[in-house]
2 protein chains.
Amino acid sequence: MRKRKGAGRPTIADVANKAGVSTITVSRALRDPAMVSDHLRRKINNAVRKLNYVPHSHASALASTRSNIIGVIVPSLTNNVFAESLRAIYDAFGQGAFQVQLGNSRYVPAEEERLVRTFLGQRPSAMIVAGTDQTDVTRQLLENAECPVVQIMDVGDDPIDMIVGFSHFEGGKAAGVHLVQQGYKRIGFLGARMDPRSYRRLEGFKEALQFGGRYDPDLIMTTTVSSSVSLGAELIAQFCARRPDLDAVFCNNDDMALGALFGCQKAGLSIPDDIGIIGFNDLEMMAAAHPSLTSIRTDRYAIGRHAVEMIQSVLSGETPDKKIVDLGFELQVRQSTSRAK
Amino acid sequence: MRKRKGAGRPTIADVANKAGVSTITVSRALRDPAMVSDHLRRKINNAVRKLNYVPHSHASALASTRSNIIGVIVPSLTNNVFAESLRAIYDAFGQGAFQVQLGNSRYVPAEEERLVRTFLGQRPSAMIVAGTDQTDVTRQLLENAECPVVQIMDVGDDPIDMIVGFSHFEGGKAAGVHLVQQGYKRIGFLGARMDPRSYRRLEGFKEALQFGGRYDPDLIMTTTVSSSVSLGAELIAQFCARRPDLDAVFCNNDDMALGALFGCQKAGLSIPDDIGIIGFNDLEMMAAAHPSLTSIRTDRYAIGRHAVEMIQSVLSGETPDKKIVDLGFELQVRQSTSRAK
DNA sequence: TTGTATGCGTTATCAC
DNA sequence: GTGATAACGCATACAA
């Protein structure tokens with residue numbers, strides 16, 4: 001006879017044999033203990049322990065035509081901003097029956113598309129993806145996916161399904177308005193890893209400066225290189241060398257802002273009097289820095305938590321209150337932009 | 001007849017029908033296109049596209065008795081150190097046929113045990129876990145797992161299977177030796193989130209100080225609170241208030257060290273003359289800081305990459321050169337400990 | 001190169 | 001409350 005060897009590990013049938021019951025009873029005892037009598041349940045649990053039985057999740061997923069997988073795709077693992085949303089997602093799903101499957105798109109849309117395809121192959125219970133800038137194909141795949149989909153870290157009128165985040169345009173605008181209000185005259189923008197969200201921040205920033213009559217395209221400095229503290233320090237030095245009259249800078253994130261602080265200090269510039277600095281996201285270090293750094297505070301943890309709540313609500317059959325949730329942001333004014341006017 | 005409804009999505013049989021071939025041909029065309037004639041392959045690919053067919057990975061895993069899942073468990077998602085190893089792991093596995101399944105144990109051994117159990121339920125192709133401080137049960141589960149297991153971020157004589165990292169004891173010792181050599185007299189230790197690895201750093205540090213005749217248990221300050229830049233700034237202030245004679249401090253990680261720098265600057269202390277500071281891990285910001293911060297450089301990315309290589313080697317049937325790999329560390333001396341003697 | 005029959009380990013369905 | 005049986009969707013073994 002044809003025979004196939006399994007993985008060799010004990011199966012539910014082995015447990016059933018040892019406990020002297022049928023497989024389905026074991027299945028029930030493990031999934032919903034209340035459905036099985038105390039007597040049998042005890043015997044089954046013993047057998048499970050003795051055999052060191054671990055249920056095979058793939059077989060379960062196949063038989064029940066549903067998996068407990070939540071697919072999550074972010075563009076970066078080392079960027080603290082996404083890490084905090086991820087932490088919220090893992091915290092919320094961690095204890096329950098769900099498994100989080102994480103993908104790293106590295107800011108490459110085609111990579112994201114590949115990941116979406118792979119994840120959908122697992123018939124996930126839900127999907128969470130960062131941003132609104134998916135390729136058309138990615139979008140269509142997700143629209144056809146028979147599971148809730150949440151986009152995070154951004155807002156927009158036209159979500160794939162649901163969305164929770166904040167407006168990067170408005171955030172950038174708030175930064176610009178603040179610098180203008182503080183009386184800075186030659187206000188620059190320093191942006192690394194210019195992803196679509198950073199561009200929206202820049203657009204908002206431009207609008208604020210144009211409105212304030214301070215817009216100078218020569219004071220926009222961007223690069224696609226990954227942002228880092230070191231890069232911030234380097235670029236601000238170049239920036240100041242090229243335009244010694246620069247007197248304030250909006251960095252597209254906090255790493256760049258901290259780097260700008262260090263770079264200015266090295267150059268002997270005084271913050272906030274010679275030059276004002278504002279970052280974006282308000283990582284915890286911003287308040288601790290010396291001088292403390294102004295930033296746009298966003299609540300990444302809340303975004304992750306909210307995304308999970310929306311998913312759980314849909315999975316439990318409810319209709320979520322809102323499909324579009326704007327959690328906003330908050331300007332945190334600190335020493336780095338508080339100069340004596 | 002008894003009938004069960006599947007998920008309703010197209011199956012490999014639907015594709016086979018549409019293409020006018022058998023299911024196994026479709027299966028082959030998708031897994032190894034070279035096994036199928038051009039003619040049929042084209043028809044099959046067309047059918048796949050038209051039906052928007054996505055293979056069901058659970059069914060595949062069940063039928064082939066092997067999954068393409070790599071289980072990874074780390075204690076933190078927001079700690080940059082683990083994030084960088086993770087990035088290496090995702091980079092290495094990302095393109096291939098493997099899927100990384102990530103778990104966050106939050107520094108809780110029982111949580112880690114639960115995650116190991118869950119992951120083993122997926123019959124992973126391999127497991128990667130952080131550190132050597134698993135519970136006995138976790139260790140046994142992993143020893144019985146029929147897949148390669150790599151412990152990362154640490155070294156030790158007795159790995160579960162394979163291990164790649166560096167010695168935290170030796171790293172701490174190197175930091176202590178350096179401070180003694182620089183002529184600092186009252187050398188303290190500032191440690192937050194004292195996990196087992198941090199304790200080993202502290203032990204190495206103690207040994208160096210004892211050897212140098214500078215050990216003072218009153219200068220060891222630790223807390224179990226999560227480390228952060230803000231916390232570093234707060235604690236160094238308390239530390240200096242209690243022991244104004246403190247003239248150097250080894251922080252158990254770089255966030256704490258950066259915080260210590262800011263805290264000292266706020267207190268008007270000059271670095272490195274009034275007080276020397278050394279961190280651990282050498283995150284990129286350490287070199288950019290002003291003054292630049294001395295640290296113990298570790299290569300987290302290489303650790304992750306190495307772990308993947310060991311796994312791939314085993315999975316392809318080879319025997320890895322070594323089961324224990326010590327990637328070491330390197331003292332990076334910078335301004336924060338380079339005082340005029 | 002292609003197809004047929006069967007098994008992977010679990011759960012849904014129906015019967016007792 | 002418990003059990004027998006047939007799916008779940010795909011890949012292996014073997015044959016042609």
Side-chain angles (χ1 to χ4, degrees), chain A residues 1-44 47-48 51-68 97 120-123 146, chain B residues 1-44 47-48 51-68 97 120-123 146:
Chain A
M1 277 313 280
R2 300 177 191 176
K3 261 266 183 71
R4 281 164 77 174
K5 56 164 198 300
R9 300 181 61 103
T11 72
I12 201 169
D14 298 324
V15 176
N17 276 336
K18 192 164 198 82
V21 299
S22 72
T23 61
I24 188 66
T25 306
V26 176
S27 176
R28 288 198 265 251
L30 295 176
R31 280 176 302 152
D32 189 356
M35 289 181 72
V36 175
S37 64
D38 280 16
H39 176 60
L40 289 186
R41 179 150 26 90
R42 234 188 313 277
K43 291 176 74 170
I44 290 170
V48 165
L51 294 173
N52 215 346
Y53 169 71
V54 182
H56 192 300
S57 66
H58 299 292
S60 166
L62 180 59
S64 61
T65 66
R66 75 186 110 86
S67 87
N68 56 351
L120 292 184
Q122 308 199 45
R123 306 292 186 271
E146 282 157 351
Chain B
M1 280 305 283
R2 299 179 192 175
K3 262 266 186 72
R4 283 163 79 174
K5 60 165 196 296
R9 301 180 61 103
T11 72
I12 201 169
D14 298 325
V15 177
N17 276 336
K18 195 166 196 82
V21 299
S22 71
T23 61
I24 189 64
T25 305
V26 176
S27 175
R28 287 199 265 254
L30 296 176
R31 279 175 303 150
D32 188 358
M35 288 179 73
V36 174
S37 64
D38 280 17
H39 176 61
L40 289 185
R41 180 149 26 90
R42 233 187 313 279
K43 291 176 75 170
I44 290 170
V48 166
L51 294 174
N52 215 347
Y53 169 71
V54 182
H56 192 300
S57 67
H58 299 291
S60 165
L62 181 59
S64 62
T65 65
R66 74 187 115 82
S67 86
N68 56 351
L120 292 184
Q122 309 199 43
R123 305 293 185 271
E146 283 157 349

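By convention in this document, chain letters (A, B, ...) are assigned in the order of the sequence lines, proteins followed by strands, and residues within each chain are numbered from 1.
- Residue-to-nucleotide contacts include no donor-acceptor pair under 3.5 Å from the side chain of B:R123 to the base of C:dG9.
- Remark: B:R31 is in phosphate contact with D:dT12, judged by side-chain N or O atoms under 4.0 Å from OP1 or OP2.
- Distances were taken from every side-chain heavy atom of B:L40 (C-beta onward) to each of D:dG3, C:dC8, C:dT2; the shortest belongs to C:dT2.
- A:R123 places a side-chain heavy atom less than 4.5 Å from the side chain of B:V54.
- For the OP1/OP2 pair of D:dG1 and a distance below 4.0 Å, the side-chain nitrogens and oxygens of A:S37 include no atom meeting the criterion.
- Counting to the nearest Å, the C1' atom of C:dA5 and the CD1 atom of B:I24 are 11 Å from each other.
- Note: CG (B:N68) to P (D:dA11) measures 11 Å, nearest angstrom.
- Using a 4.0 Å cut-off, no side-chain N or O of B:S60 falls inside it from OP1 or OP2 of D:dC10.
- Put simply, A:S64 has no side-chain N or O that comes within less than 4.0 Å of OP1 or OP2 on C:dT11.
- To the nearest angstrom, P of D:dT2 lies 10 Å from CE of A:M35.
- At least one side-chain nitrogen or oxygen of A:S27 sits closer than 4.0 Å to the OP1 or OP2 atom of C:dT11.
- The base of D:dG3 is paired with the side chain of A:R28 by a donor and an acceptor separated by under 3.5 Å.
- Helix-axis bend for the helix from C:dT1-D:dA16 to C:dC16-D:dG1: the local axis fitted to the five terminal pairs at one end deviates from that at the other end by 20°, rounded to 10°.
- Atom-to-atom, NE2 of A:H58 to P of C:dT11 comes out at 14 Å; the value is rounded to the nearest Å.
- When the P atom of C:dT6 is taken as reference, atom CD1 of B:I12 falls 19 Å away, rounded to whole Å.
- Atom NZ in B:K43 sits roughly 18 Å away from atom P in C:dT1 (whole-Å rounding).
- Atoms NE2 (B:H56) and P (C:dC8) sit 19 Å apart, rounded to a whole Å.
- Phosphate proximity of C:dG9 to B:T65: absent, as no side-chain N or O sits under 4.0 Å from OP1 or OP2.
- Taking the side chain of A:A59 as heavy atoms from C-beta on, and the options C:dA12, C:dT10, C:dG3, the nearest nucleotide is C:dT10.
- The phosphate of C:dG3 (OP1 or OP2) has a side-chain N or O of B:T25 nearer than 4.0 angstrom.
- Rounded to whole Å, the distance from CZ on A:R42 to P on D:dG1 is 16 Å.
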